[in-house]
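Step one of this worksheet: look at the structure below.
Any value given below was found using the heavy atoms of this structure, including those in side chains, with hydrogens, waters and symmetry copies removed.
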Amino acid sequence: KLFVNQISLTALSPYEVASPVIGNRFFGRKHELRRILDTQETNTVILGIRRIGKTSLLREVERKLNSRKDDTTYVHYFDCSEVASAEDFIREVVRRLHPQELVRLDTHQKYAFWFPNFLERMKRKYRRRLVFLLDEFDYMIAHSQENAELLRNLRSSTMKGVCQFVFAGYRETRDALNNQRSPFYGFATPLLLTEFLTQDATELKTTPMTNLGVTIRNRDEIVKRIISETGGHPNLIQYYCSVLLAMLDKTGRREITTDDLIDVYNDATFRRHLLDSFVENTSNLEKAIVYALLLDRKRIEQGFTKLYIDALLNRYRIPFTSSQLARACDTLVLSGTFQQKGQEFFFTSRVFVILMERYEN
């Protein structure tokens, strides 16, 4: 209370929209955490769009495993976007686990050839199961032909019980996981990271506000509105709440009302963030599907099937195949743009539709 009375809410805000969070700033994902932590014999691949919280989940898994007192795991997190090749990845693993062997590594023509043996020796050395958390795995999959031997060796280490892997990726990782010709095919059990459940979304909105001394008038109504307008997307909820705190700072108030929610539509920063997220997470065909549906305003509040989308794209003479359409619809569901109920799709976020319509106008 002493800090809140003297420092702006924005400065104290725990809402984070650009960096991963762990510990007491990590909200929700209890089921996902439990599933990863309780399956020591299974590889997991976390699939989700950018900014959905994949890195935060990986980092929280790392923290939880390292905090255990049983000393059964030896955990390492890797950002694959910083790894240029399979050789670089192996070199970084060797540097972390046993840097003395870097000299031996330099004497081999095929670095990956002896890598499984190295991992076996490291498991014996540390007397613990090796757990690798591989973030931004799309970068490795993008060079799958070059990294095919590495992926096969990682699979071999898994089959021998030496290592466990938790991957995190999006489009390329998902496609490789389902592609029978890819060395990544069937490597891990998929774990889809989508929008928050109502309970997690409510906790994310209300707990930090309470800690900051902010009251929410008509709490249930406001929480329901925010969930509806963000589609339960954790990054959008945090951005939404950050905007609300900034508005309170400007007015000097410490209470949120339903009238405050209207102003979020007019916040340029929030609007740009939402639109940028959509552009980053969609292909040209996926964008075309959304734009075509938005132009067909009579259908926005109704459901639309793949057959209807097919006819709509043909009307605008947009080239596509049936498999491309099916994959695009699946990705729009994964990205949180659509919700699927049976054979029909609906826009997940009301605020997304409103802002997209204003943008188009």
- Taking side chain as C-beta onward, heavy atoms only, is Thr210 less than 4.5 Å from Val214? no

- Query: Do you reckon Leu245 sits in the same ILVMFWY cluster as Ile7, going by side-chain contacts under 4.5 Å, direct or chained?
  - Reply: yes

- Would you say Leu332 and Phe346 are hydrophobically clustered, going by side-chain heavy atoms of ILVMFWY under 4.5 Å? no

- Message: Within the 3.5 Å criterion, strictly below it, is a donor on Asn117 or Arg121 matched to an acceptor on the partner's side chain?
- Response: yes

- Heavy-atom side-chain proximity of Val166 to Asn43 below 4.5 angstrom: no

- Do other residues, nucleotides or ligands put more than 12 heavy atoms under 6.0 Å from the CG atom of Asp38? yes

- Query: Can you name the residues that form a ring pair (Phe, Tyr, Trp, His ring centres under 6.0 Å) with Phe118, not counting sequence neighbours?
  - Reply: Trp114

- Are any side-chain N or O atoms of Asn66 and backbone N or O atoms of Glu62, one a donor and one an acceptor, separated by less than 3.5 Å? yes

- Query: Any luck finding a side-chain donor-acceptor pair between Thr258 and Asn218 under 3.5 Å?
  - Reply: no

Enumerate, atom names and distances included, each donor-acceptor pair closer than 3.5 Å involving a side-chain atom of residues 9-23, sequence neighbours excluded.
{"from": "Thr10", "atom 1": "OG1", "to": "Asp249", "atom 2": "OD2", "distance (Å)": "2.7"}
{"from": "Ser13", "atom 1": "OG", "to": "Tyr15", "atom 2": "N", "distance (Å)": "3.2"}
{"from": "Tyr15", "atom 1": "OH", "to": "Leu204", "atom 2": "O", "distance (Å)": "3.2"}
{"from": "Tyr15", "atom 1": "OH", "to": "Lys205", "atom 2": "O", "distance (Å)": "3.0"}
{"from": "Glu16", "atom 1": "OE2", "to": "Ala18", "atom 2": "N", "distance (Å)": "2.9"}
{"from": "Glu16", "atom 1": "OE2", "to": "Ser19", "atom 2": "N", "distance (Å)": "3.0"}

- Query: Does the side chain of Thr189 reach to within under 4.5 Å of the side chain of Thr39, using non-hydrogen atoms?
  - Reply: no

- Query: Would you find more than 12 non-hydrogen atoms of other residues, nucleotides or ligands less than 6.0 Å from Lys64 atom NZ?
  - Reply: no

- Do Leu134 and Leu192 sit in the same hydrophobic cluster, where Ile, Leu, Val, Met, Phe, Trp and Tyr count as joined when their side-chain heavy atoms come under 4.5 Å apart? yes

- Task: For Arg95 and Leu102, indicate whether the former's side chain and the latter's backbone hold a donor-acceptor pair under 3.5 Å.
- Result: no

- Item | Which atom of Ser85 lies closest to which atom of Asn147, heavy atoms considered | C-OD1, 4.2 Å

- Message: Are Arg68 and Leu37 packed together at the side-chain level, in the sense that at least one heavy-atom pair is separated by less than 4.5 angstrom?
- Response: yes

- Task: Flag the pair Phe184 / Phe167 as yes when their ring centroid distance falls below 6.0 Å, and as no otherwise.
- Result: yes

- Which is it for Asp138 and Thr173 under the side-chain hydrogen bond (donor to acceptor under 3.5 Å, both in side chains) test, yes or no, and what are the steps along the way? CA-CA 5 Å; Asp138 281 12; Thr173 301; 2.4 Å; yes

- Find out whether Ser335 and Phe278 are in side-chain contact, i.e. whether some heavy atom of one side chain is under 4.5 Å from a heavy atom of the other. no

- Message: Can you confirm whether more than 12 heavy atoms, excluding those of Gln100, are under 6.0 Å from its CD atom?
- Response: yes

- Full working for side-chain contact (heavy atoms from CB on, under 4.5 Å) between Lys287 and Val279: CA-CA 8 Å; Lys287 291 184 183 70; Val279 170; 4.0 Å; yes

- Message: Holding to side-chain contact (heavy atoms from CB on, under 4.5 Å), I want the full list of residues that pass it with Ala311, two or more places apart in sequence or in another chain.
- Response: none

- Query: Which atom names give the shortest non-hydrogen contact between Phe27 and Asn24, and what distance separates them?
  - Reply: CE1-O, 4.2 Å

- On the 0 to 90° scale, with breaks at 30° and 60°, tag the Phe352-Phe347 ring pair as parallel, tilted or perpendicular. tilted

- Item | Within one Ile-Leu-Val-Met-Phe-Trp-Tyr cluster: Tyr291 and Leu313, side-chain cutoff 4.5 Å | yes

- Between the side chain of Thr158 and the main-chain N/O of Leu154, is any donor-acceptor distance below 3.5 Å? yes

- Is a donor on one side and an acceptor on the other found under 3.5 Å between the side chain of Thr206 and the backbone of Thr202? yes

- May I ask you to say whether Lys341 pairs ionically with Glu344, meaning some side-chain N is under 4.0 Å from a carboxylate O? no

- Message: Would you compute the distance between atom CG of Leu151 and atom OH of Tyr185 and round it to the nearest 0.5 angstrom?
- Response: 15.5 Å

- Query: Looking only at side chains, do Asp135 and Tyr77 share a donor and an acceptor under 3.5 Å apart?
  - Reply: yes

- Query: When you check the gap from the basic side-chain N to the acidic O, do Arg253 and Asp260 get nearer than 4.0 Å?
  - Reply: yes

- Query: Is any side-chain heavy atom of Thr73 closer than 4.5 Å to a side-chain heavy atom of Leu130?
  - Reply: no

- Ile227: hydrophobic cluster co-members (side-chain, 4.5 Å): Val223

- salt_bridge(Glu221, Lys224) N-O dist < 4.0 Å: no

- With no hydrogens and no angle check, is any side-chain donor or acceptor of Thr348 less than 3.5 Å from a backbone partner on Phe338? yes

- Task: Answer whether the closest heavy-atom distance between the side chains of Arg327 and Arg174 falls below 4.5 Å.
- Result: yes

- Message: Can a donor-acceptor pair be found, under 3.5 Å and without considering hydrogens, that links the side chain of Asn314 to the backbone of Asp310?
- Response: yes

- Query: Is there a path from Tyr316 to Phe345 through hydrophobic residues (I, L, V, M, F, W, Y) whose side chains come within less than 4.5 Å of each other?
  - Reply: yes

Cut-off 3.5 Å, no hydrogens considered: what does the side-chain donor-acceptor table look like for residues 46-54, sequence neighbours left out?
{"from": "Arg50", "atom 1": "NH1", "to": "Glu280", "atom 2": "O", "distance (Å)": "2.8"}
{"from": "Arg51", "atom 1": "NH1", "to": "His273", "atom 2": "ND1", "distance (Å)": "3.2"}
{"from": "Arg51", "atom 1": "NH1", "to": "Ser277", "atom 2": "OG", "distance (Å)": "3.0"}
{"from": "Arg51", "atom 1": "NH2", "to": "Glu280", "atom 2": "OE2", "distance (Å)": "3.3"}
{"from": "Lys54", "atom 1": "NZ", "to": "Gly48", "atom 2": "O", "distance (Å)": "2.9"}
{"from": "Lys54", "atom 1": "NZ", "to": "Ile49", "atom 2": "O", "distance (Å)": "2.8"}

- Please say whether the positively charged group of Arg96, taken as NZ for Lys or CZ for Arg, lies over the ring of Phe78, i.e. under 6.0 angstrom from the six-membered ring centre and within 45 degrees of the axis. yes

- Please confirm whether the backbone N or O of Pro116 pairs with a side-chain atom of Asn153, one donor and one acceptor, at under 3.5 Å? no

- Look at the side chain of Tyr74 and the backbone N and O of Arg127, then say whether any donor-acceptor pair between them is shorter than 3.5 Å. no

- Does a side-chain heavy-atom distance below 4.5 Å link Ile256 with Arg217? no

- Heavy-atom closest pair (Ala328 atom, Ile289 atom, distance to 0.1 Å) is CB-CD1, 3.8 Å

- Query: What do the steps show when you test Met209 against Cys241 for side-chain contact (heavy atoms from CB on, under 4.5 Å), and what is the final call?
  - Reply: CA-CA 9 Å; Met209 292 291 185; Cys241 291; 3.8 Å; yes

- Query: When you measure from the side chain of Lys123 to the backbone N and O of Gly161, does any donor-acceptor pair fall under 3.5 Å?
  - Reply: yes

- Message: Between Arg29 and Glu60, does any NZ, NE, NH1 or NH2 come within less than 4.0 Å of an OD or OE carboxylate oxygen?
- Response: no

- Check step by step if side-chain contact (heavy atoms from CB on, under 4.5 Å) holds for Gln324 and Leu285. CA-CA 8 Å; Gln324 288 174 333; Leu285 177 59; 3.9 Å; yes

- Scanning both residues in full, the closest heavy-atom pair of Thr257 with Ile222 reads C-CD1, 3.6 Å

- Verdict with reasoning, Ile216 to Glu255, per side-chain contact (heavy atoms from CB on, under 4.5 Å): CA-CA 6 Å; Ile216 304 176; Glu255 182 183 60; over 6 Å; no

- Task: For Glu136, check side-chain contact (heavy atoms from CB on, under 4.5 Å) against everything at least two apart and list the hits.
- Result: Asp79, Ser81, Tyr139

- Electrostatic pair Glu286:Arg171 at N-O distance under 4.0 angstrom: yes

- Query: So, Thr251 side chain and Met247 main chain: donor-acceptor pair closer than 3.5 Å or not?
  - Reply: yes

- Indicate the atoms forming the closest heavy-atom contact of Ile141 with Ala176, along with that distance. CG2-CB, 3.7 Å

